[in-house]
**Student:** 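Mind having a look at this structure? Questions to follow.
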Amino acid sequence: MTIVKIETMSEDLSAWKERFRRPLLFAARKNFATLPKIKDLETTLKEILKNAPEDLPENLKDRLEQLVSGLDNLSLEEKKERLQTLL
């Protein structure tokens with residue numbers, strides 16, 4: 001019974017990881033060609049982080065929150081660097 005729960009948690013974490021990466025991958029497409037047109041990426045990523053599964057290590061969640069914080073206010077080059085770090 002516990003094994004099933006652990007597997008479910010891992011699946012939840014895997015699915016969450018894909019939800020978090022999806023907007024990052026979209027922004028990074030074609031050498032970040034779409035990045036200047038994307039609005040509220042920080043808000044989107046923060047919302048996804050709020051819904052992180054419980055088995056996401058707290059130190060990882062904290063680091064992701066740090067990297068996402070202030071993202072929308074960065075210059076285009078700084079955003080690219082930050083997104084590369086997040087990916």
Side-chain angles (χ1 to χ4, degrees):
M1 191 167 188
T2 303
I3 294 172
V4 172
K5 184 174 182 177
I6 290 171
E7 288 175 2
T8 302
M9 289 173 64
S10 296
E11 290 172 13
D12 289 346
L13 183 58
S14 180
W16 177 86
K17 179 182 171 187
E18 288 306 310
R19 279 193 307 276
F20 187 79
R21 287 177 48 94
R22 197 172 302 133
L24 298 172
L25 292 171
F26 178 79
R29 279 184 14 198
K30 297 181 183 177
N31 199 27
F32 298 96
T34 59
L35 185 55
K37 300 172 188 171
I38 297 174
K39 304 294 181 210
D40 299 322
L41 182 57
E42 178 180 346
T43 304
T44 300
L45 294 173
K46 282 183 175 181
E47 191 61 35
I48 295 169
L49 276 169
K50 281 184 192 176
N51 296 311
E54 291 180 15
D55 60 338
L56 180 69
E58 195 63 35
N59 61 338
L60 177 57
K61 185 177 179 182
D62 291 344
R63 180 67 177 135
L64 291 173
E65 287 173 346
Q66 288 174 345
L67 290 168
V68 168
S69 184
L71 185 64
D72 288 342
N73 297 321
L74 298 175
S75 70
L76 187 56
E77 278 306 310
E78 291 171 322
K79 280 183 188 179
K80 287 179 185 179
E81 290 174 15
R82 187 77 61 89
L83 291 179
Q84 288 172 332
T85 301
L86 284 163
L87 285 169

**Student:** Between Lys46 and Glu42, is there a salt bridge with N-O shorter than 4.0 Å?
**Tutor:**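 Salt bridge present between Glu42 and Lys46.
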**Student:** Okay, side chain of Thr34, backbone of Arg29: is any donor-acceptor separation there less than 3.5 Å?
**Tutor:**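 Judged by distance alone, no pair lies under 3.5 Å.
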**Student:** Does any non-hydrogen side-chain atom of Ile38 lie less than 4.5 Å from one of Phe32?
**Tutor:**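 Not in contact.
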**Student:** When rounded to the nearest 0.5 angstrom, what is the spacing between NZ in Lys80 and CG in Asn31?
**Tutor:**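 Going from the NZ atom of Lys80 to the CG atom of Asn31 covers 6.0 Å.
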**Student:** Return the minimal non-hydrogen interatomic distance between Trp16 and Pro53, and the atom names on each side.
**Tutor:**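 Where Trp16 meets Pro53 most closely, the heavy atoms are CG-CD, 3.4 Å.
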**Student:** Would you indicate whether the side-chain heavy atoms of Ile48 and Asn51 approach each other to under 4.5 Å?
**Tutor:**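 The answer is no, as the side chains (C-beta and beyond) never meet within the 4.5 Å cut-off.
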**Student:** What's the separation between atom CG in Leu71 and atom NZ in Lys79, rounded to the nearest 0.5 Å?
**Tutor:**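 That separation rounds to 6.5 Å.
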**Student:** Looking only at side chains, do Thr44 and Glu47 share a donor and an acceptor under 3.5 Å apart?
**Tutor:**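 The criterion, which ignores hydrogens and geometry beyond distance, is not satisfied for Glu47 and Thr44.
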**Student:** Which atom pair, heavy atoms only, marks the closest approach of Gln66 to Arg82?
**Tutor:**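 Taking every non-hydrogen atom into account, O-NH1, 3.8 Å.
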**Student:** So do Leu83 and Leu41 actually touch side chain to side chain, heavy atoms under 4.5 Å?
**Tutor:**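 SC-SC contact between Leu41 and Leu83 confirmed.
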**Student:** How close do Leu87 and Leu25 get, heavy atom to heavy atom, and via which atoms?
**Tutor:**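 Where Leu87 meets Leu25 most closely, the heavy atoms are CD2-CD2, 3.7 Å.
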**Student:** Any donor-acceptor pair under 3.5 Å linking the side chain of Glu78 with the backbone of Ser75?
**Tutor:**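 It does hold such a pair.
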**Student:** If we ignore hydrogens and angles and just use 3.5 Å, is the side chain of Asp55 paired with the main-chain N or O of Leu13 as donor and acceptor?
**Tutor:**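 Flag not set: sc Asp55 to bb Leu13 has no pair under 3.5 Å.
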**Student:** Are any of the side-chain heavy atoms of Leu45 and Leu67 separated by less than 4.5 Å?
**Tutor:**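 Side-chain contact under 4.5 Å: no.
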**Student:** A quick test of your reading: do over 12 heavy atoms of other residues, nucleotides or ligands sit less than 6.0 Å from NZ of Lys61?
**Tutor:**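 Yes.
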